[in-house]
Amino acid sequence: KAGVTQTPRYLIKTRGQQVTLSCSPISGHRSVSWYQQTPGQGLQFLFEYFSETQRNKGNFPGRFSGRQFSNSRSEMNVSTLELGDSALYLCASSPSGIHAGTDTQYFGPGTRLTVL
Amino acid sequence: KQEVTQIPAALSVPEGENLVLNCSFTDSAIYNLQWFRQDPGKGLTSLLLIQSSQREQTSGRLNASLDKSSGRSTLYIAASQPGDSATYLCAVRLYSGGGADGLTFGKGTHLIIQP
């Protein structure tokens, strides 16, 4: 089975721009989560989608948004980019039936976003 | 707010040693605890997942234990090898509104195994 894929792998943007990142989960997985990793804050949870609905959300400003499509692929969008948004953005998928908390999370390689 | 702490932050040992990485968390209402490794510039690889009702999990040379009441987990690596060099991350998944929340991660232990 193919793993979680993320595109693009690297991205350079300037302050004020917006960006869209894409994640394709493992085939058959219905849950997709997004995380931000920075040297200072470590890994932080952004949001989780299941069957096209946002199920959970972390403590991030409204500039960070996401969506999930009927094929479980997910996108996250960051509007009005700030320098502090430079980070590795990781996507994770899990099978996630009813007992969502029991699933192993499988991570993609990440998208490295640099904001200049 | 759940906090996850990993000790030590960095560790360098010669090849062949057995070692223990520690993880502590402040809120015991967890669904599960997961250990990951992260290689430089890469995503995370899941190593072991322990459900809240379990005490330990084993995979090859790795053994992870969970003591929910004291808020602690340990990852034991037997007969370490240079290929084990990576950053090891501990993460807990909490209950939230009847379901599960996103993972809360520790800052990791950066492990170097010297040949």
Side-chain angles (χ1 to χ4, degrees), chain A residues 3-7 9-10 21 23 25-26 29 31-51 53-60 64 66 76 87-112, chain B residues 1-7 9-10 23 25 27-54 57 59 62 64 66 68 86-110:
Chain A
V4 178
T5 57
Q6 293 187 243
T7 56
R9 292 293 312 278
Y10 302 91
L21 312 181
C23 171
I26 292 171
H29 286 194
S31 169
V32 173
S33 300
W34 288 90
Y35 294 83
Q36 181 196 65
Q37 186 175 31
T38 59
Q41 298 298 318
L43 270 153
Q44 294 183 284
F45 171 67
L46 280 156
F47 30 66
E48 179 179 11
Y49 285 87
F50 179 78
S51 291
T53 300
Q54 188 179 89
R55 186 160 61 182
N56 289 300
K57 190 176 190 307
N59 189 25
F60 277 81
F64 292 82
M76 70 162 280
L88 180 66
Y89 290 88
L90 292 162
C91 162
S93 76
S94 64
S96 256
I98 296 173
H99 305 291
T102 59
D103 286 343
T104 295
Q105 300 261 293
Y106 297 90
F107 281 77
T111 294
R112 173 75 62 184
Chain B
K1 181 191 166 195
Q2 175 74 274
E3 290 185 6
V4 179
T5 304
Q6 291 188 246
I7 294 172
C23 171
F25 48 95
D27 188 340
S28 61
I30 63 170
Y31 257 114
N32 57 46
L33 182 144
Q34 205 164 349
W35 283 93
F36 296 89
R37 68 174 278 168
Q38 185 174 29
D39 295 282
K42 303 267 182 80
L44 277 63
T45 301
S46 178
L47 298 173
L48 291 164
L49 180 143
I50 311 177
Q51 302 296 351
S52 62
S53 58
Q54 297 175 322
Q57 282 286 340
S59 176
L62 304 179
L66 174 64
K68 211 171 66 162
T87 297
Y88 289 80
L89 293 152
C90 165
V92 297
R93 196 162 169 106
L94 292 177
Y95 289 97
S96 172
D101 206 348
L103 291 170
T104 301
F105 283 86
K107 292 289 180 68
T109 293
H110 182 55

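Here is the naming used below: chain letters follow the sequence lines, and residue numbers restart at 1 for every chain.
- With a 4.5 Å cut-off on non-hydrogen atoms, A:Y35 touches chain B through its side chain but not through its backbone.
- Across all non-hydrogen atoms, the minimal contact from A:F45 to B:L103 is CB-O, 3.8 Å.
- Heavy atoms closer than 4.5 Å to chain B are found in the side chain of A:Q37, but not in its backbone.
- Contact check for A:N59 versus B:K1: no side-chain heavy atoms found under the 4.5 Å cut-off.
- Ranked by heavy-atom pairs under 4.5 Å with chain A, the first of B:L89, B:T45, B:L44 is B:L44.
- Around the CZ atom of A:F47, the shell of radius 6.0 Å holds more than 12 heavy atoms that belong to other residues, nucleotides or ligands.
- The minimum heavy-atom distance between B:R93 and A:R55, with the atom names listed, is NH2-NH2, 4.3 Å.
- Only the backbone of B:K42 has a heavy atom closer than 4.5 Å to any heavy atom of chain A.
- Looking at A:L43, both its backbone and its side chain come within 4.5 Å of chain B, counting heavy atoms on both sides.
- Between B:S46 and A:T104, the shortest heavy-atom distance links the atoms OG-CG2, 3.3 Å.
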